[in-house]
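A quick write-up on the structure given underneath.
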Amino acid sequence: MASFDFGVHYSCQSPTEDWKTLYPETVEQAQTAESLGYSSFSVAEHHFFEDGWVPAPSVMLGAIAGATERAKVGTNVTILPLHNPISVAERAAVLDLLTGGNFRLGVSIGWQDHEFEAFGIDKRERVRRLEEGVELVRKLLTERSVTYDGEFHSVEDMTVTPRPVQDAIPIWIGGMADPAIRRAAGLGDVWSISPFESPEELRDRRETYTDALEKYGRTFDEVHVPLRREAYVAEDDETAWEEVGEALLREHAEVYGDIEGTDAMETGEDALESLREHAEDRFLVGSPDTVIGQLERFHDAIEMDEVLVRTHFPGLEMEHAEKALRIMAEDVMPHFE
């Protein structure tokens with residue numbers, strides 16, 4: 001029988017701009033989630049979204065680390081080309097200390113034009129900046145007296161202090177396209193899988209990842225395989241969609257539409273049904289039995305050993321998101337222990 005850990009992913013979006021309520025509630029919910037058996041928490045990075053997606057994930061993770069006892073925390077993901085690798089390494093070291101060696105650093109190249117424009121970074125440089133950034137961050141976290149001369153960043157005899165707890169903080173690299181997956185195999189410790197692929201698509205991408213790992217002397221069986229999914233569990237399928245449908249629709253038609261192919265989704269009365277059809281083999285939405293079946297299909301495809309679920313979406317009340325986490329903990333998670 002499939003067995004894997006469960007964690008929670010947060011984005012902290014509020015269309016009503018009630019962030020002063022949402023952020024403390026998120027930290028409180030993380031405490032509750034840990035008590036329910038969720039063992040990890042991750043936060044992604046975005047900037048200048050109207051509903052306020054977390055722009056400073058390391059700060060949010062510091063709060064979650066302080067509120068939980070044993071949980072792993074991680075950026076999933078930081079947009080590395082926007083940042084100085086020295087600052088990224090320093091923040092990673094501090095978070096590793098706060099969690100007793102339970103920090104994971106997830107990075108990606110990013111895709112939103114307005115973020116690169118605001119930070120004054122040429123988007124055409126993003127792959128080179130990511131590759132150089134990962135190399136320098138890893139050196140700074142694992143070595144002392146680092147000297148490095150790159151295209152974008154150079155350091156001489158630099159030692160980052162304080163030193164992290166882990167000898168090597170695991171670096172997750174996100175990506176959907178084949179070049180990004182091969183990059184994750186070569187540069188990263190872990191491939192951070194996007195929340196959009198169907199099991200069939202994941203089988204194909206697993207083959208790409210496995211082939212790339214072998215070129216670097218590694219195997220699929222030896223790497224950590226996390227799967228992030230949009231999720232919402234309720235008493236039955238209809239209740240789940242009634243409670244979360246509108247919030248999911250807003251997120252996937254507006255935020256992810258250009259990369260997920262949902263920007264042209266039908267509008268009006270048919271919009272929710274269009275999303276439901278799209279989500280059927282991509283998200284974890286429905287009754288406990290439905291979600292168990294969905295997770296089994298994903299495990300058959302990718303053999304993940306951790307699932308990170310996001311149950312709070314813009315416009316959804318936190319009490320609904322927490323209810324979904326509770327039902328999942330009580331009626332879904334025991335099936336995969």
Side-chain angles (χ1 to χ4, degrees), residues 6-30 32-33 36 38 41-55 57 60 64 76-77 112 193-197 227-263 265-267 271-287 290-291 294-295 307-329 332:
F6 284 79
V8 184
H9 182 80
Y10 290 118
S11 56
C12 298
Q13 296 159 268
S14 175
T16 61
E17 301 189 2
D18 189 18
W19 300 300
K20 68 179 182 299
T21 301
L22 178 58
Y23 271 66
E25 284 183 346
T26 300
V27 174
E28 291 173 9
Q29 187 187 93
T32 300
L36 292 171
Y38 295 89
F41 300 92
S42 67
V43 177
E45 172 190 359
H46 278 301
H47 299 271
F48 317 114
F49 280 33
E50 290 185 3
D51 55 17
W53 195 304
V54 181
M60 189 68 190
I64 290 174
N76 192 18
V77 288
Q112 294 276 355
I193 302 169
S194 81
F196 309 130
E197 294 98 337
L227 180 72
R228 186 166 85 75
R229 290 291 107 176
E230 311 288 50
Y232 195 86
V233 191
E235 296 81 358
D236 55 70
D237 292 355
E238 295 307 315
T239 300
W241 278 103
E242 287 173 5
E243 292 179 353
V244 79
E246 291 298 328
L248 265 177
L249 180 63
R250 179 187 184 279
E251 184 77 335
H252 286 270
E254 297 183 13
V255 177
Y256 288 121
D258 56 342
I259 62 171
E260 195 182 357
T262 51
D263 50 348
M265 187 175 289
E266 297 180 47
T267 58
L272 194 55
E273 188 60 33
S274 297
L275 175 65
R276 190 165 176 172
E277 291 175 4
H278 173 79
E280 185 175 357
D281 61 351
R282 289 172 171 82
F283 302 166
L284 307 173
V285 178
S287 69
T290 294
V291 171
Q294 291 166 334
L295 282 166
V307 174
L308 291 155
V309 297
R310 178 168 67 150
T311 65
H312 181 261
F313 306 95
L316 186 70
E317 295 293 333
M318 282 294 283
E319 63 187 48
H320 285 301
E322 186 167 313
K323 185 190 81 166
L325 288 175
R326 287 185 179 277
I327 295 174
M328 179 170 281
V332 175

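Owing to the predicted nature of the structure, the values given are computational and were not obtained by experimental measurement.
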Can a donor-acceptor pair be found, under 3.5 Å and without considering hydrogens, that links the side chain of [X] to the backbone of [Y]?
X      : Y      : value
Asp237 : Ser287 : yes
Arg326 : Ala33  : no
Tyr38  : Leu325 : yes

Can you tell me how far the [atom1] atom of [X] sits from the [atom2] atom of [Y], to the nearest 0.5 Å?
X      : Y      : atom1 : atom2 : answer
Leu316 : Thr311 : CG    : OG1   : 7.5 Å
Ile193 : Asn76  : CD1   : CG    : 10.0 Å
Phe283 : Trp241 : CZ    : CH2   : 7.0 Å
Glu28  : Ile64  : CD    : CD1   : 12.0 Å
Tyr232 : Leu248 : OH    : CG    : 10.0 Å

Nearest atoms (heavy-atom pairs only) where [X] meets [Y]:
X      : Y      : answer
Ala30  : Phe41  : O-CZ, 3.2 Å
Pro57  : Val43  : CB-CG1, 3.8 Å
Leu36  : Ala329 : O-CB, 3.7 Å
Ala231 : Phe313 : O-CE1, 3.7 Å
Leu249 : Ala271 : CD2-CB, 3.7 Å
Val285 : Thr290 : O-CG2, 3.8 Å

Side chain to side chain contact (heavy atoms under 4.5 Å, CB included) against Ser14, all qualifying residues, sequence neighbours excluded: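 Once residues adjacent in sequence are excluded, the partners of Ser14 under the side chain to side chain contact (heavy atoms under 4.5 Å, CB included) criterion are Thr16, Asp18, Trp19, Leu22.
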For Glu25, give me all partners under side chain to side chain contact (heavy atoms under 4.5 Å, CB included), at least two apart in sequence or on another chain.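 For Glu25 the side chain to side chain contact (heavy atoms under 4.5 Å, CB included) partners, ignoring immediate neighbours, are Thr21, Met318.
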May I ask you to test the [X]-[Y] pair for a side-chain heavy-atom distance under 4.5 Å?
X      : Y      : value
Val8   : Leu308 : no
Leu284 : Val233 : no
Pro15  : Arg250 : yes
Arg310 : Ser11  : yes

For Gln112 and Phe49, run side chain to side chain contact (heavy atoms under 4.5 Å, CB included): C-alpha distance rounded to whole Å, both residues' side-chain angles, the deciding distance at 0.1 Å, then the answer. CA-CA 10 Å; Gln112 294 276 355; Phe49 280 33; 3.7 Å; yes
Using a strict 4.0 Å threshold on nitrogen-to-oxygen distance, state whether [X] and [Y] make a salt bridge.
X      : Y      : result
Glu246 : Arg276 : no
Lys323 : Glu235 : yes
Arg282 : Glu277 : no

Derivation of the side chain to side chain donor-acceptor pair (under 3.5 Å) call for Glu251 and Gln13: CA-CA 10 Å; Glu251 184 77 335; Gln13 296 159 268; 2.8 Å; yes
Using distance alone, with no hydrogens and no angle criterion, decide if His278 and Glu280 have a side-chain donor and acceptor under 3.5 Å apart.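 The answer is no; no qualifying pair exists.
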Can you find a side-chain donor-acceptor pair between His312 and Glu317 that sits under 3.5 Å?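 No, no side-chain donor-acceptor contact under 3.5 Å.
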Evaluate the side chain to side chain donor-acceptor pair (under 3.5 Å) criterion for residues Glu322 and His320: first the C-alpha distance (whole Å), next the side-chain angles of each, then the deciding distance (0.1 Å), finally the verdict. CA-CA 5 Å; Glu322 186 167 313; His320 285 301; over 6 Å; no
Under the side chain to side chain donor-acceptor pair (under 3.5 Å) rule, collect the residues that match up with Ser42, sequence neighbours excluded.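 If we apply the side chain to side chain donor-acceptor pair (under 3.5 Å) test to Ser42, skipping adjacent residues, the hits are His9.
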For the pair Phe6 and Met328, evaluate side chain to side chain contact (heavy atoms under 4.5 Å, CB included) and give the outcome as yes or no after the intermediate values. CA-CA 10 Å; Phe6 284 79; Met328 179 170 281; 4.1 Å; yes
With side chain to side chain contact (heavy atoms under 4.5 Å, CB included) as the criterion, how do Glu197 and Arg229 come out once you've worked through the C-alpha distance, each side chain's angles and the decisive distance to 0.1 Å? CA-CA 9 Å; Glu197 294 98 337; Arg229 290 291 107 176; 3.8 Å; yes
In sequence, state the C-alpha distance, the side-chain angles, and the governing distance for Cys12 and Trp53, and then conclude on side chain to side chain contact (heavy atoms under 4.5 Å, CB included). CA-CA 6 Å; Cys12 298; Trp53 195 304; over 6 Å; no
